[in-house]
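Working notes for the structure below.
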Amino acid sequence: MQKEIMQISPQDDFFMFVNGKWLAENPIPPSESSWGAFNVLRDVILDQLRLICEDMQKTPDFKQGSNTQIIGDFYTSGMDIENRNKEGLLPLNKLLNQIEEIKSIPDVARVLAKLHALGFGPLFNPYVYKDYKNPDISTFFIHQGGLGLPDRDYYLEDSKDMQKIRDKYQEYIVSMFKKAGYSQEEAGKMMEVVYGLELELANASIPKELEREVDKNYHKYTPKKARIQFSAFGWEEYLNNIGATKLKNFIIEQPAFFTTVNNLFQTKEISAIKLYLKWNIINNSASYLSEDFASEKFDFYGRTLQGLKEQKPLWKQVVGAMQSGILTESLGPLYVGRHFSEESKKILHIIINDVKIAFKDRVNDLGWMDEDTKNLVYKKVDNINFKLGYPDEWIDISALKIDKRLFLQNVLNVQEFEFKRKMKEAGGPADWTQWVMAPTTVNACADQMREMTFPAAILQDVFFNPSVDMAYNYGAFGSVAGHELTHFVDDQGCKFDVSGKLQDWWPENVKQGFKNGSKAFIAHYSKYSVEGVPVNAEYTLGENIGDVAGLTIGFAAYKKYQKRTGENEIIDGLTPEQRYFIGYARTECGLMRLEERKRRYKTDPHSPSEVRVNAALSIIPYFVEAFGIKPGDQMYIPPQEYPALW
């Protein structure tokens with residue numbers, strides 16, 4: 001295999017030309033569903049965080065509420081598997097008893113608010129974010145949810161694969177109820193009730209393709225209007241207990257879905273809703289309970305859904321639990337103090353600046369966009385706040401209660417602390433200094449309104465390396481920055497104006513020009529599949545456009561840097577232009593289990609890595625020229641078939 005890989009040419013399969021040797025030597029570990037550049041870096045970050053946690057454990061003198069105490073005690077509680085095994089389901093008893101005591105619809109609404117504040121997601125998902133039509137104000141949102149399977153299609157698709165997963169899921173529900181102390185017969189009947197209710201929610205859920213259309217998922221309600229339209233739901237009890245008593249309005253993103261939620265309160269017995277609530281908290285707490293509960297959950301969500309062979313070691317599970325939410329406000333300062341340099345930040349700003357200029361140049365050349373719209377795009381780009389590395393100020397979480405003996409309670413305390421903190425912001429000014437992504441996260445994001453975030457964790461090799469040539473860095477990081485910029489002016493970003501407000505600001509001819517250009521992307525990517533799993537070209541459209549545009553813009557940005565500095569060295573027989581594209585392909589290096597590939601097809605708006613490299617590069621003239629792609633090569637696409645959007 002090694003010999004075959006070394007003979008692959010960049011003209012036939014660029015993904016394997018760049019990554020084949022590494023992939024052959026690095027099979028997917030048993031505890032992973034995929035393995036590649038992102039996974040390796042995440043593993044590095046986890047190990048760095050583990051060492052920090054262990055150091056915090058060893059610190060003898062610490063102040064209650066300090067970063068040392070919070071991180072050290074949280075980690076200790078998670079690693080104490082002996083105590084977790086001893087307690088079993090006991091940590092959930094208080095919540096289970098509260099559910100058991102429900103006797104009326106108002107009781108359901110009150111307990112539901114409590115569960116939502118603790119981070120559980122029965123029936124729907126509440127959250128606080130900037131009001132899309134007034135982004136300088138925070139508001140309260142209600143989004144469809146409440147499913148135990150990853151997506152509505154898992155319940156509704158008529159296929160052998162989905163039926164097999166549904167059967168396994170039902171077996172899993174029965175098994176978990178039995179572990180909770182119920183007999184086989186009782187557990188079977190409980191499963192039928194729970195699954196039936198989830199099926200109703202799935203039928204009411206809109207497809208994932210429609211969820212991304214922000215303007216179609218924005219419906220403002222006053223409490224009075226909500227009470228009139230959804231009269232069976234206990235609004236007063238819910239809003240009072242969720243901390244929204246002072247809100248004059250809020251957003252229900254999918255009113256038709258909430259109609260089904262409302263109907264459940266009219267048509268279902270209280271006992272059925274109670275069973276569903278119990279299932280939701282048992283299922284979503286299992287990873288933080290004793291090994292038997294955690295293993296049972298892994299068997300379904302890990303083995304069945306993702307094809308995993310074994311669980312991650314305990315320390316990875318615990319550090320992973322610390323990676324999301326407000327706990328990173330204690331972990332983050334400790335991490336960046338050890339692993340992120342200010343020198344890196346300076347270089348990144350140089351790349352970002354070149355990308356911004358190259359982006360504007362590219363917009364200037366777009367034939368489908370008129371001059372007035374172009375001028376607004378320039379202003380929108382100038383308004384974007386690029387967040388690099390970590391926040392200037394950290395949120396004070398010293399009041400967070402963490403006990404070294406109570407792992408699940410610590411997890412719930414973390415989630416409740418953050419939820420209540422955000423609820424206090426609802427209805428008031430939006431804080432644009434807060435980060436939506438933790439510095440310890442290996443990822444990047446753009447909000448399509450007016451900010452872009454690149455956490456410190458992703459600004460490391462292979463995505464950025466200050467010790468290598470800049471051609472590579474522009475390919476690895478500059479192309480990503482260009483990609484994220486395009487999201488501000490794609491089919492969804494165009495719905496947010498210069499100030500970041502949800503407002504239609506593209507004239508009809510520009511919208512049509514974008515739509516017409518998008519058709520060629522759908523046609524091009526529809527030709528690709530990996531291991532028999534086709535690319536969902538419509539669902540991945542936005543990311544596919546972003547990949548091609550980002551690569552094109554990033555390349556133009558590098559040429560600016562090259563002209564400024566004269567960098568033109570041949571390294572390992574490769575020109576700077578060739579190393580640019582190699583830098584990008586390295587970031588997409590990865591393997592994936594077939595089960596995970598099928599799951600991602602339904603839940604991930606990105607194409608598979610192989611496609612993100614080969615399909616994107618094959619239609620970029622700069623790549624074709626750099627590697628001499630010609631008719632007869634497998635990477636060759638006739639120029640007349642290139643999508644001309646960007």
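These values consider heavy atoms only, across backbone and side chains, with no hydrogens, waters or symmetry-generated copies. Treat the numbers as computed from the prediction; the structure is a model and nothing was measured. FYI, the numbering just counts along the sequence from 1.
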Margin query: Going by ring-ring contact (aromatic ring centres under 6.0 Å, His included), name the residues that satisfy it together with Tyr472, two or more places apart in sequence or in a different chain.
Written below: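 With sequence neighbours excluded, Tyr472 shows a ring-ring contact (aromatic ring centres under 6.0 Å, His included) to no residue whatsoever.
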Check: For Phe419, what residues pass the ring-ring contact (aromatic ring centres under 6.0 Å, His included) criterion, not counting sequence neighbours?
Finding: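 With neighbours one apart ignored, the set is empty.
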Next item on the list: Return each pair, listed once, that meets side-chain hydrogen bond (donor to acceptor under 3.5 Å, both in side chains) where at least one residue sits in residues 343-353; pairs must be two or more places apart or across chains.
Entry: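 For residues 343-353: Ser341-Ser344.
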Check: How far apart are the C-alpha atoms of Val363 and Phe359, what are their side-chain angles, what is the distance that settles it, and do they pass the side-chain contact (heavy atoms from CB on, under 4.5 Å) test?
Finding: CA-CA 6 Å; Val363 168; Phe359 180 84; 3.8 Å; yes
Distance-only check: which donor-acceptor pairs under 3.5 Å involve side-chain atoms of residues 508-522, not counting sequence neighbours?
| unit_1 | atom_1 | unit_2 | atom_2 | d |
| --- | --- | --- | --- | --- |
| Lys511 | NZ | Asp504 | OD1 | 3.0 |
| Lys511 | NZ | Asp504 | OD2 | 2.6 |
| Gln512 | NE2 | Asn516 | OD1 | 3.0 |
| Asn516 | ND2 | Gln512 | O | 3.2 |
| Ser518 | OG | Phe514 | O | 2.8 |

Check: Ring centres of Phe623 and Phe14 under 6.0 Å apart?
Finding: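 Yes, the ring of Phe623 comes within the 6.0 Å limit of the ring of Phe14, centre to centre.
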Next item on the list: Could you tell me if the ring centre of Tyr580 sits under 6.0 Å from that of Tyr474?
Entry: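 Between Tyr580 and Tyr474, the centre distance exceeds or equals 6.0 Å.
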Contacts table for residues 450-458: side-chain donor-acceptor under 3.5 angstrom, sequence neighbours left out:
| unit_1 | atom_1 | unit_2 | atom_2 | d |
| --- | --- | --- | --- | --- |
| Arg450 | NH1 | Ser499 | O | 2.6 |
| Arg450 | NH2 | Asp136 | OD1 | 2.6 |
| Glu451 | OE1 | Lys387 | NZ | 2.9 |

Provide the full list of salt bridge (Lys or Arg N to Asp or Glu O under 4.0 Å) pairs with a residue in [range], sequence neighbours left out, each pair given once.
{"range": "residues 468-480", "value": "Asp469-Arg579"}
{"range": "residues 424-443", "value": "Arg421-Glu425, Lys422-Glu425"}
{"range": "residues 35-52", "value": "Asp43-Lys316, Asp47-Arg50, Arg50-Glu54"}

Next item on the list: Take Asn465 and Asn473 through the test side-chain hydrogen bond (donor to acceptor under 3.5 Å, both in side chains) and record every step on the way to the result.
Entry: CA-CA 7 Å; Asn465 187 339; Asn473 283 322; over 6 Å; no
Checklist line | Partner set under salt bridge (charged side-chain N to carboxylate O under 4.0 Å, His left out) for Lys501, not counting sequence neighbours | finding: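 Not a single residue meets the salt bridge (charged side-chain N to carboxylate O under 4.0 Å, His left out) criterion with Lys501.
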Next item on the list: Using salt bridge (charged side-chain N to carboxylate O under 4.0 Å, His left out) as the criterion, list what pairs up with Asp491, not counting sequence neighbours.
Entry: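 By the salt bridge (charged side-chain N to carboxylate O under 4.0 Å, His left out) rule, Asp491 matches Arg212.
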Whether [Y] and [X] form a salt bridge (side-chain N of Lys/Arg under 4.0 Å from carboxylate O of Asp/Glu) is what I want to check.
{"X": "Arg599", "Y": "Asp151", "value": "no"}
{"X": "Asp354", "Y": "Lys560", "value": "no"}
{"X": "Glu253", "Y": "Lys216", "value": "no"}
{"X": "Lys208", "Y": "Asp604", "value": "no"}
{"X": "Asp365", "Y": "Lys374", "value": "no"}

Checklist line | Distance-only donor-acceptor check, side chains His339 and Gln460, under 3.5 Å | finding: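 There is no such pair between these side chains.
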Note to self: Would you say Gln11 and Tyr636 are linked by a side-chain donor-acceptor pair, where the criterion is simply a distance under 3.5 Å?
What the structure shows: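 No - no donor-acceptor pair under 3.5 Å links their side chains.
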Checklist line | Partner residues of Thr441 under the side chain to side chain donor-acceptor pair (under 3.5 Å) criterion, sequence neighbours left out | finding: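 If we apply the side chain to side chain donor-acceptor pair (under 3.5 Å) test to Thr441, skipping adjacent residues, there are no hits.
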Item checked: Test side chain to side chain donor-acceptor pair (under 3.5 Å) applied to Asp447 - qualifying residues, sequence neighbours left out ->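 Side chain to side chain donor-acceptor pair (under 3.5 Å) check on Asp447 returns nothing, list empty.
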Notebook entry, point to check: Which of these passes side chain to side chain contact (heavy atoms under 4.5 Å, CB included) with Ile553: Asp361, Thr486, Leu485, Ile357?
Noted result: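 Result for side chain to side chain contact (heavy atoms under 4.5 Å, CB included) with Ile553: Thr486.
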Item checked: Exercise: identify the closest heavy-atom pair between Phe496 and Met449 ->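 Heavy atoms of Phe496 and Met449 come nearest at CD2-CG, 3.5 Å.
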Note to self: Is it true that, when you exclude Asn568 itself, more than 12 heavy atoms of the residues, nucleotides or ligands shown sit nearer than 6.0 Å to its CG?
What the structure shows: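 Counting neighbours around CG of Asn568, more than 12 heavy atoms of other residues, nucleotides or ligands fall under 6.0 Å, so yes.
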